[in-house]
Amino acid sequence: MLKALREAVLEANLELNRRGVVIYTWGNVSGIDREAGLVVIKPSGVSYDAMCADDMVVVNLENEVVWGEKKPSSDTRTHTALYRAFPRIGGVVHTHSPHAVGWAQARMEIPCLGTTQADYCSGPIPCTEPLTPEQVERDYEGETGVNILRAFEGRDPMAQPMVLLAGHGPFAWGKTPDDAVHNAVVLEKCAEMATITRMACGGLPPLEDYVLDYHYQRKHGANAWYGQK
Ligand SMILES: O=C(CO)[C@@H](O)[C@@H](O)COP(=O)(O)O
């Protein structure tokens, strides 16, 4: 079932490892077949170097396993919450990349300090509110998705395709699993650059709005021209 998507999701998971944003069994990538309403996700607790396409797990948007021998990622319910809420995304990634985790543990959004972030985000990289004891008691994985969606009320998820889970780590998404991995790697780089900026000047001087807008629009706007467009 969904062999091509399972192979694409496997490759995207292996790319996380190749890019150094996960180690051991940390992190996970999924992809969705919108027509079938099915999500392919990494199996839980399986080392990347032991993973194959037949290990991928297929779930529906109600988190029921419909294909696969293994248990799906422990973050499955967060992935499916994002697919249900953000209809234009085709891939979701979660990592424990160190600089992004550092900002998530600080419970701080990453302001847009430079053009590198502006090329990918139309503003800051948001951080969610911490989970409450009631939320953890009620449904940890489900409520994690609730807090991400709360952080995106009034925001365009395609214009800021990444978020920090307070006290935990980053999630990123995109049009495909590969696109989501790209955004997760960029998020880690932006977190690293913001950390260096803060060390260099002791502050977080925001990029000028007009420069931010120029950079974001030239890649993502209605008249985008960046690259070979
Ligand atoms: O942080 C978490 C769990 O929330 C994950 O990144 C990590 O433990 C990987 O879990 P899975 O192997 O995908 O179940």
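Start at 1 and go down the list; that is how both ligands and their atoms are numbered. Keep in mind the model is a prediction, meaning the values are calculated, not measured.
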Pair Glu153 + Arg150: basic N to acidic O under 4.0 Å: no
Residue, atom name and distance, where the atom is the protein heavy atom closest to atom 9 (C) of ligand 1: Thr25 O, 3.2 Å
Protein contact of atom 10 (O) of ligand 1 - nearest heavy atom, named by residue and atom, plus distance: Ser74 OG, 3.3 Å
Atom 4 (O) of ligand 1 protein-contacted (non-hydrogen atom, under 4.0 angstrom): yes
Min heavy-atom dist Glu141 to ligand 1 below 4.0 Å: no
Ligand-side contact atoms (ligand 1) for residue partner Ser73, heavy atom cut-off under 4.0 Å: 11 (P), 13 (O), 14 (O)
Check: Arg34 and Tyr83 side chains under 4.5 Å, non-hydrogen atoms: yes
N or O contact, Gly45 vs ligand 1, cut-off under 3.5 Å: yes
Check: His94/Asn28 side-chain N/O donor and acceptor closer than 3.5 Å: no
SB check Arg6 Asp55 (cutoff 4.0 Å): no
N or O contact, Gly27 vs ligand 1, cut-off under 3.5 Å: yes
Close N or O approach (Asn28, ligand 1; < 3.5 Å): yes
Ligand 1 atoms in contact with His96 (distance to a heavy atom under 4.0 Å): 1 (O), 2 (C), 5 (C), 6 (O)
Ion pair check, Asp156 and Arg88, cut-off under 4.0 Å: yes
Nearest atoms (heavy-atom pairs only) where Tyr24 meets Tyr48: O-CD1, 3.0 Å
Atoms in ligand 1 with a heavy atom of Asp75 nearer than 4.0 Å: 2 (C), 3 (C), 4 (O), 5 (C), 6 (O)
Numbered atoms and elements of ligand 1 in range of Ser44, under 4.0 angstrom, heavy atoms: 11 (P), 12 (O), 14 (O)
Side chain to side chain donor-acceptor pair (under 3.5 Å) assessment of Asp49 paired with Ser47: CA-CA 6 Å; Asp49 49 23; Ser47 175; 2.8 Å; yes
Proximity to ligand 1 by part of Lys42, non-hydrogen separation under 4.0 Å: side chain
Lys/Arg N to Asp/Glu carboxylate O, Glu11 vs Arg18, below 4.0 Å: yes
